[in-house]
Amino acid sequence: MAEIALQQCISVDCGATLGIDEDRFSCPRCGSLLDVRYDWSKARIPVSLSFFDERAAAATGRRSPVDSSGVWRFRELLPFAPADQLVTIGEGRTLFQGADALAATQGVPAERLFLQYEGFNPSGSFKDNGMAAAFTMAKRLGRRRVACASTGNTSASMAMFARLTTAMDGEPMRAVVFVGGGKIAMGKLAQALDHGAITLQIDGDFDACMNLVREAAERLGLYLMNSVNPFRLEGQKTIMYRVLQELNWTPPDWIVVPGGNLGNCSAFGKTFSELKELGLIDRIPRLAVIQAEGANPFYALVERQGVKFSAGRYDASVVENYFSRRRREGRAAKTVATAIEIAQPVNLPKALRSLEVMNGVVRQVSDEEILDGKAMVGAFGFGCEPASGASVAGWKRLVEEGVISRGDRVVCILTGHALKDPDVTIGYHGEMDGHQVARTLANRPIRCPADVDRIEKIIGK
Ligand SMILES: *Cc1c(COP(=O)(O)O)cnc(C)c1O
Ligand SMILES: [Zn+2]
C-alpha cells in the first residue's frame with residue numbers, strides 16, 4: 001500500500017512529501033498542513049460510482065462490517081490501508097432525509113432541500129467517520145495512547161473508538177481527552193467519562209487545549225486525533241459519497257455545513273476535486289460554510305478581508321495579523337453552539353482551498369438564528385444539536401439573500417445528534433409556562449392539574 005498513498009505538504013511553494021507512517025501533522029520543512037495523496041494509477045478505482053451501489057445492497061452489518069461501514073464501503077477512494085487492517089465500529093450508517101415541510105416554510109418547492117443526519121453515527125456525531133480512518137492509522141503505527149482537544153464530540157467519538165479497538169499488541173487503546181473549562185455540553189462529557197477516557201479539564205478555551213495537546217502529543221507519544229491529522233479528513237470525505245449515492249450520483253447544487261475547526265469543509269473540497277480528477281463526476285456543487293457570529297474568524301477573513309485561495313496560494317500575512325489582533329484584544333469565541341466555539345481553526349488553509357474548488361461562500365448567523373434553525377430540524381425532521389442548526393440557519397439566510405435560489409437542490413449537513421445538548425433545547429422551549437420565551441418555535445410544557453376536564457380545555461376535543 002505504501003506506494004499508493006503518501007503525505008504531502010499543501011503549500012505549492014513547498015510540496016514536501018512524507019511516508020504515510022510519519023505522524024508529524026505538519027510539514028517538517030515549512031510547517032503547513034499535510035494532505036493524504038494517492039497515486040490513483042496504482043489504485044483500483046471503479047469505472048463508475050454505481051459500483052458502490054452493489055456493495056451497499058449486499059452488505060449486512062455483523063457478517064461484513066467493513067462493507068457495511070459508511071466509511072469503508074468506499075475504501076477504493078481512500079486507499080491508504082489494506083482491507084484487513086481497517087478499524088470500524090459501525091460508523092457512517094447515517095440517514096438522508098428529504099425535508100419538504102421545512103423547505104416549504106421558506107417557499108422552497110418539494111425535492112429541493114435534503115438533510116444529512118450525521119448525528120446517527122454510533123457516538124452521535126460525524127466525528128466517527130474521521131475516527132475510523134485515524135484509528136486505522138494509529139493501529140497500523142502500533143500506537144496505544146490517543147489524544148485530542150475537544151469541544152465535546154471529538155472526545156466522545158475518540159473515547160468510544162478507543163474502548164472498541166485493540167492496539168497492535170492486543171491491548172486496549174487508551175484515550176486522553178483535553179477539554180476547556182466549562183465549555184462542553186453535558187451529553188458529550190458524559191460519553192467521554194462513560195467510555196473510560198482520561199478526561200483532563202484544562203484552564204482555558206478550546207484553542208488553548210488545542211495548542212497544549214499538540215505539545216503533549218509530541219512530548220508524551222500520544223497519537224493526535226484532532227482534524228490536523230489528515231487521515232481524519234479522509235474518513236470525513238465519505239459523508240459526501242453517501243450524499244451523492246442518495247442522490248443517484250448526481251451532485252446537488254449546494255452543500256451547507258457548519259464551520260468550527262473547518263475539518264469537514266476541508267474534507268468536502270478534497271472529495272470533489274478528487275472525484276473530478278478521476279472523471280467520476282462532471283460537476284462540483286457549491287459550498288456554504290456557516291459560522292456563529294461569536295466565533296466567526298473564517299467569515300471575517302473571507303467575506304470581510306477578502307482572503308482567498310488562488311492557484312495554490314493565499315495571503316498568510318492578513319490571516320496572521322487578524323489572529324494576532326484578536327489575541328491582543330483578548331477576544332474569546334462565544335456561542336451557544338459550543339461545537340463550533342473555536343477562535344483559531346486549525347484547517348483554515350485547507351478550508352480556503354475548498355472554497356476555491358467548490359466556488360464557496362461563508363456566512364455568519366446569530367445564536368438566535370442557530371436556535372431557530374435547530375428548532376426547525378426538530379419540528380420537521382429528526383432533530384439535531386445546536387451547531388448543526390447553523391446549517392439550516394445558513395441555508396435560510398442564503399435563500400433570503402438570493403444566493404441560493406429556490407430551485408436549487410441543497411443538502412444541509414447536520415453534524416450532531418439532538419440529545420447531545422438537551423440543556424439548550426429545554427432552555428429554548430422555556431422550562432415552564434410563565435417563563436418569558438421569545439423564540440419562534442418555542443413549545444413550552446404546560447402546567448396542568450390532574451383533572452381530565454382541565455386537560456380537555458387545554459388540548460381541545
Ligand atoms: C466538530 C463539530 C463541528 C465542527 O466541525 P469542523 O469540521 O471542525 O468545522 C460542527 N458540529 C458538530 C456537532 C461538531 O461536533
Ligand atoms: Zn511544506
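On a predicted model such as this, the values are computed, not experimentally measured, just so you know. Atoms within a ligand are numbered from 1 in the order they appear, just like the ligands themselves.
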So, the side chain of [X] versus the backbone of [Y]: is there a donor-acceptor pair under 3.5 Å, distance only?
{"X": "D35", "Y": "Q8", "result": "no"}
{"X": "N321", "Y": "V318", "result": "no"}
{"X": "T199", "Y": "A197", "result": "yes"}

Charged N-O contact under 4.0 Å between [X] and [Y]:
{"X": "D253", "Y": "R286", "answer": "no"}
{"X": "E234", "Y": "K237", "answer": "yes"}
{"X": "K270", "Y": "E277", "answer": "no"}

F52 ring center near F74 ring center (under 6.0 Å): yes
Write out each pair where an N or O from ligand 1 and one from the protein are under 3.5 Å apart, with the distance.
residue: ligand 1; atom: 7 (O); partner: G263; partner atom: N; Å: 3.0
residue: ligand 1; atom: 7 (O); partner: N264; partner atom: N; Å: 2.8
residue: ligand 1; atom: 8 (O); partner: N261; partner atom: N; Å: 2.8
residue: ligand 1; atom: 8 (O); partner: L262; partner atom: N; Å: 3.4
residue: ligand 1; atom: 9 (O); partner: G260; partner atom: N; Å: 2.8
residue: ligand 1; atom: 9 (O); partner: N261; partner atom: N; Å: 3.4
residue: ligand 1; atom: 9 (O); partner: L262; partner atom: N; Å: 2.8
residue: ligand 1; atom: 11 (N); partner: T415; partner atom: OG1; Å: 2.8
residue: ligand 1; atom: 15 (O); partner: K127; partner atom: NZ; Å: 2.6
residue: ligand 1; atom: 15 (O); partner: N153; partner atom: ND2; Å: 2.7

R163 atom CZ, neighbour heavy-atom count above 12 within 6.0 Å: no
Flag for Q7-R24: side-chain donor and acceptor within less than 3.5 Å: no
Near the Zn ion (ligand 2) (cut-off under 2.8 Å), count of protein N, O or S atoms: 4
